There are 2 protein chains.
Amino acid sequence: MQQHTTSYGPPHSDRPPERHRLVRKLQSITDLTAEERQALLDLPMTVRSYARGEDIVREGDTPSECCLVLEGFACRYKLLPDGRRQIMAFHTPGDMPDLQSLHIGVMDHSVAAMMPTQAAFIPHTSMRDLTHAYPGLLHAFWRDTLIDAAIFREWLIGVGRRDGHERIAHLICEMLLRFRGVDLAPNDTFKMPVTQADIGDALGLSHVHVNRVLQDLRRDGLITWTNSVVSILDWEKLQKRALFDATYLHQVHEAAA
Amino acid sequence: MQQHTTSYGPPHSDRPPERHRLVRKLQSITDLTAEERQALLDLPMTVRSYARGEDIVREGDTPSECCLVLEGFACRYKLLPDGRRQIMAFHTPGDMPDLQSLHIGVMDHSVAAMMPTQAAFIPHTSMRDLTHAYPGLLHAFWRDTLIDAAIFREWLIGVGRRDGHERIAHLICEMLLRFRGVDLAPNDTFKMPVTQADIGDALGLSHVHVNRVLQDLRRDGLITWTNSVVSILDWEKLQKRALFDATYLHQVHEAAA
DNA sequence: CGATAAATTGACATGGATCAAATACGGTGG
DNA sequence: CCACCGTATTTGATCCATGTCAATTTATCG
């Protein structure tokens, strides 16, 4: 199912521009020195392409590499024995959905592509060398996983205590800021290539209900959502509807330069 | 409101036995060398006591110490502006609920005692010295925060896709294994000093519904729950009812010796 | 022994699920 | 460029797990 594979050696000049997204992402949550940025760009990685719906890492795997989303969109999910699915995270370019595999052997959930996606794989050994050489990057990666956890907590609040409208509005607020963090939300507009059923599985709602709520949000002039493209029309009102407070994202730079 | 404060210097022989719980906890999720264990016991810490319901760390704080639960029971929670509360984690002795404060400045949620609780505070500087001297402990602490995140994900699955019975049964399964990990669940029995309303706030249910589900679980002979003491009567059936799979806890030792 | 919090019970209401159909739409082959 | 197909969205009708409200009983504790 993998359509394409390329390998990049460390000191290499024609790296794809998408590699910079990792730098952007980390810069949105911490400060990096020039050397650290360069070290990130020099990481050896293997790139693979995935089709929509394809698994990138699977529950039960014991990866020896970390994966980095270069292009596309991915999610982390788990299936219950009877088929119910819970999506627990969405991942934009620049995210490393299984960074945890560095310290946790067995995957307790899967990672899948939600649109044609390019993922880069970085050997654990390289990651360890890197964090050994640059303690600041160790700090950055650990912090990244901690922010990941903060996002899980916020989602937990959502499914536990927010109603349908708040949940969906909240997700949109979060995704706007995260896409902004990697410079992928010009004009408060970004690509959200997910099905209404996917949103339901992420927020603990049925796809029918998601549809009705989205219609409300559109009717009220808060957003536009067509062809997987989301536009925020009224950021203030949307945040209010979502009871949104961005603290939990712990971004230090609104958007990387 | 703080009733009592004691300070321990590093090389000190009459440390309270509860300090060992941190060692137990970490040992339940990783392997420690003798030196690492000793280094943990030598950590300087200040002990404070908290009454039931009292906050130990509060949303918005920027702690300069990490807190460790020595005795008692704590939770992490967040309030929505209108008063709805979501509890996102329970913490047994041995847990460090705000380990994250090492790398994330601002608390995005609060930590509270759910019964009279003793918490130890370890300066961030000491933690940094420790992890610098013992990289194995750095690995252990990072791993601990990652398992924390895995637990959030599992709770997310619960509120998102499990019904009331599964959710409550699942929580009980999890708490049994975690209490076991710190040697506090003799005979599959442990103290769970929480109100039915608390459970509701943790699992996204109303306290009335929690009450009814608990009655079912008792009637079906799966558990006993009186006076805050939970006993598992039928572990097999309980796991089945909960669709429980312990992988996500990533415990390497069923119980520390 | 009150007093206050927690657990329990009953009656009733509802957000959101489920089921089933009817469009719309993106992609593909002709 | 169009006809067609599988998928996603939308709509309507109905149902139910859980919520809400209110009262009663049972701890718990000074």
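Being a predicted model, the structure only gives us computed values, none of them experimental. To find a chain, count down the sequence lines: A is the first, B the second, and so on, and within it residues start at 1.
Note on A:Ser206: a base of the nucleic acid sits closer than 4.0 angstrom, heavy atoms only. Contacts of A:Arg219 with the nucleic acid, taken as non-hydrogen atoms under 4.0 Å apart, are absent. A:Gly204 comes within 4.0 angstrom of sugar-phosphate atoms only, judged by non-hydrogen atoms across all strands, and of no base.
Listed by chain and number, the residues in a salt bridge (charged side-chain N to carboxylate O under 4.0 Å, His left out) with A:Glu71 amount to none (sequence neighbours excluded). Every residue meeting the side chain to side chain contact (heavy atoms under 4.5 Å, CB included) condition with B:Gln100, not counting sequence neighbours, appears here in chain and number order: A:Leu146, A:Arg153, B:Arg76, B:Met107, B:His109. Evaluation of the salt bridge (charged side-chain N to carboxylate O under 4.0 Å, His left out) rule for B:Arg178 yields B:Asp95, B:Glu174 as partners, not counting sequence neighbours. With sequence neighbours left out, B:Arg218 forms a side chain to side chain donor-acceptor pair (under 3.5 Å) with no residue at all. In terms of the salt bridge (charged side-chain N to carboxylate O under 4.0 Å, His left out) criterion, A:Asp61 has no residue partners (sequence neighbours excluded).
Nucleotides of DNA chain C that come within less than 4.0 Å of any heavy atom of chain A span, from the 5' end to the 3' end, C:dG16 to C:dG26. Extent of DNA chain D lying under 4.0 Å from chain B heavy atoms, first and last nucleotide in 5' to 3' order, is D:dT18 to D:dT28.
Mapped onto DNA chain C by nearest heavy atom, A:Asn227 and A:Leu205 fall at different nucleotides, with A:Leu205 at the one closer to the 5' end. For B:Val208 and B:Val213, each mapped to the nucleotide of DNA chain D holding its nearest heavy atom, the one lying further toward the 5' end belongs to B:Val213.
The two atoms that bring A:His91 and A:Asp148 nearest to each other are CE1-OD1, 4.1 Å, heavy atoms only. Contact record, B:Cys173 with B:Ala242: SG-CB, 4.1 Å, taken as the closest heavy-atom pair.
For residues 211-230 of chain A, no residue pair satisfies the ring-ring contact (aromatic ring centres under 6.0 Å, His included) rule, not counting sequence neighbours. Residues in residues 184-215 of chain A take part in these ring-ring contact (aromatic ring centres under 6.0 Å, His included) pairs, two or more places apart or across chains: A:Phe179-A:Phe190. For residues 148-173 of chain A, the ring-ring contact (aromatic ring centres under 6.0 Å, His included) pairs, not counting sequence neighbours, are A:Phe90-A:Trp155, A:His170-A:Phe244, A:His170-A:Tyr248.
Side-chain contact, B:Thr247 with B:Asp245: a donor N or O sits under 3.5 Å from an acceptor N or O.
With hydrogens and angles ignored, the 3.5 Å screen pairs no side-chain donor or acceptor of A:Arg48 with any backbone N or O of A:Ala119. Checked by atom type and distance alone, the side chain of A:Glu54 never pairs as donor or acceptor with a backbone atom of A:Ala112 at under 3.5 Å.
Overall, the helix from C:dC1-D:dG30 to C:dG30-D:dC1 carries an axis bend of 50° between its ends, with five pairs at each end and the value rounded to 10°.
Of the residues in residues 154-172 of chain B, those with a non-hydrogen atom less than 4.0 angstrom from any atom of DNA chain D are B:Asp163, B:Gly164.
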